[in-house]
There are 2 protein chains.
Amino acid sequence: MFRGSFEHSVDSKGRVSVPSRFREIITDRYEGKLVLTMDFDRCITVYPLEEWERVEEKIKSLPQMQKEVKDFMRTVFSTASECELDKQGRILIPPQLRERAGLNKSVMVVGIIHKLEIWDRHAWDSRSTQSGDEIGAVLSSLGL
Amino acid sequence: MFRGSFEHSVDSKGRVSVPSRFREIITDRYEGKLVLTMDFDRCITVYPLEEWERVEEKIKSLPQMQKEVKDFMRTVFSTASECELDKQGRILIPPQLRERAGLNKSVMVVGIIHKLEIWDRHAWDSRSTQSGDEIGAVLSSLGL
DNA sequence: CCGGCATACGGTACTATTGGGGAACGAACG
DNA sequence: CGTTCGTTCCCCAATAGTACCGTATGCCGG
């Protein structure tokens with residue numbers, strides 16, 4: 001599955017090329033279909049469609065008439081955007097997402113198990129890095 | 001299914017062009033037949049006819065005597081209007097709905113699983129947007 | 001140092017959206 | 001009954017956004 005991080009660039013048309021290691025997984029296991037969404041206003045998450053549909057299933061089980069749920073769904077689905085890899089293995093980032101994630105020329109593409117994250121390079125660097133203690137706490141709570 | 005949001009415009013004749021991604025689904029899976037109604041949140045909902053019939057089934061199972069239910073049904077059915085895509089892939093919004101949703105030139109077309117919503121651009125923007133934390137809370141309660 | 005792979009870039013073709021003109025239809029009116 | 005007006009649809013053209021292609025550039029291993 002997806003592991004590791006890569007520094008790539010956004011071209012003048014707003015496209016980011018997917019690292020070739022990830023590309024293989026996406027085309028072989030997932031038929032090349034992807035869904036992009038916002039994650040907490042700071043980075044863009046990229047799910048293979050199949051994985052995203054699992055998220056949708058859970059959302060569908062919520063009470064649809066409830067106001068908070070309707071608002072939640074509007075927010076989540078309005079930022080979602082389907083796309084496929086182009087023949088050069090790139091994806092087009094919708095301007096809306098590009099802007100909200102503050103993407104400049106240089107971005108990080110990070111693989112996290114079943115999804116990818118796309119960060120502005122600067123935001124990624126200045127991301128509050130967890131202290132060794134915090135990481136140790138999580139690891140030990142997992143019994144590692 | 002339907003996901004993502006697109007900024008489109010209402011032309012001088014009150015038509016809105018349906019995003020091509022949605023158009024494909026509507027013509028391929030649903031024979032192009034649609035039902036438009038008012039939603040209570042100042043937007044217009046667009047159901048494929050087949051999905052709308054499912055909504056009607058649910059409404060029929062509500063307690064018909066209750067005042068709120070009767071009011072609800074009056075609002076929903078009186079504004080409901082069937083339509084199809086024209087040859088350019090647009091839908092004509094009845095003036096009644098256009099006015100009640102406060103549509104100006106610029107609108108958002110949002111895909112939410114099995115239906116679309118059409119919002120005035122300004123109303124959409126000023127809709128109380130949930131913070132990332134709130135969304136995160138809902139997501140984590142879903143185990144995502 | 002060279003060959004192979006992967007990413008970056010720029011030009012061109014294509015598709016989608018938008019807008020306006022005119023025909024067809026129906027309702028209202030004289 | 002015929003005319004007029006308004007509405008809706010179809011068609012064509014202009015624009016802008018997206019996808020594809022070929023090529024340049026940089027990195028790594030041999």
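Reckoned from all heavy atoms, side chains included, excluding hydrogens, waters and symmetry mates. This one's a predicted model, so the numbers in the text were calculated from it and none came from an experiment. Reminder, nothing fancy here: chain letters follow the sequence lines and each chain counts from 1.
Taking the six-membered ring wherever Trp is involved, the centroid distance between the rings of Phe22(B) and Phe6(B) falls below 6.0 Å.
Distance from the side chain of Asp86(B) is smallest to dC10(D) among dT17(C), dC9(C), dC10(D). Closest to the side chain of Leu92(A), out of dT7(C), dC10(D), dA19(D), is dA19(D). Residue Lys87(B) places its side chain closer to dC10(D) than to any other of dC10(D), dC9(C), dT7(C). Distances were taken from every side-chain heavy atom of Gln88(B) (C-beta onward) to each of dG22(D), dG20(C), dC12(D); the shortest belongs to dC12(D).
Whole-Å rounding puts the Leu85(B) CG to dT8(D) P distance at 16 Å. Remark: P of dC27(D) and NE2 of His8(A) are 13 Å apart, rounded to the nearest angstrom. In this structure, the CZ atom of Arg90(A) is 9 Å from the P atom of dC20(D), given to the nearest Å. The CD atom of Gln96(B) sits 17 Å away from the C1' atom of dT8(D) (whole-angstrom rounding). Regarding Asp11(A), its CG atom lies at a distance of 12 Å from the P atom of dT18(D), rounded to whole Å. Taking atom CD1 on Ile93(B) and atom C1' on dT7(D), their separation rounds to 15 Å, with Å as the unit. As rounded to whole Å, 13 Å separates atom P of dC9(D) from atom CD of Glu82(B). Regarding Ile91(B), its CD1 atom lies at a distance of 17 Å from the P atom of dA16(C), rounded to whole Å.
For Ser5(B) (side chain) and Ser78(A) (main-chain N/O), a donor-acceptor pair under 3.5 Å exists by modelled atom type.
A cation-pi contact, defined as under 6.0 Å to the ring centre and within 45° of the axis, is absent between Arg121(A) and Trp124(A).
The side chain to side chain contact (heavy atoms under 4.5 Å, CB included) test with Trp119(A) singles out one residue from Val107(A), Val110(A), Asp39(A), and that residue is Val110(A).
Residue order along DNA chain C, read from the 5' end via each residue's closest nucleotide, puts Ser17(A) first among Lys13(A) and Ser17(A).
By the salt bridge (charged side-chain N to carboxylate O under 4.0 Å, His left out) test, Glu53(B) is found to be paired with no residue, residues two or more places apart in sequence or in another chain being considered.
Within the 4.0 Å cut-off from OP1 or OP2 of dA16(C), not a single side-chain nitrogen or oxygen of Arg23(B) is found.
Nucleic acid contact for Arg21(B): none, since no nucleic acid atom lies under 4.0 Å from a heavy atom of the residue. Residue-level contact check: Val16(B) touches neither bases nor backbone, having no heavy atom under 4.0 Å from any strand.
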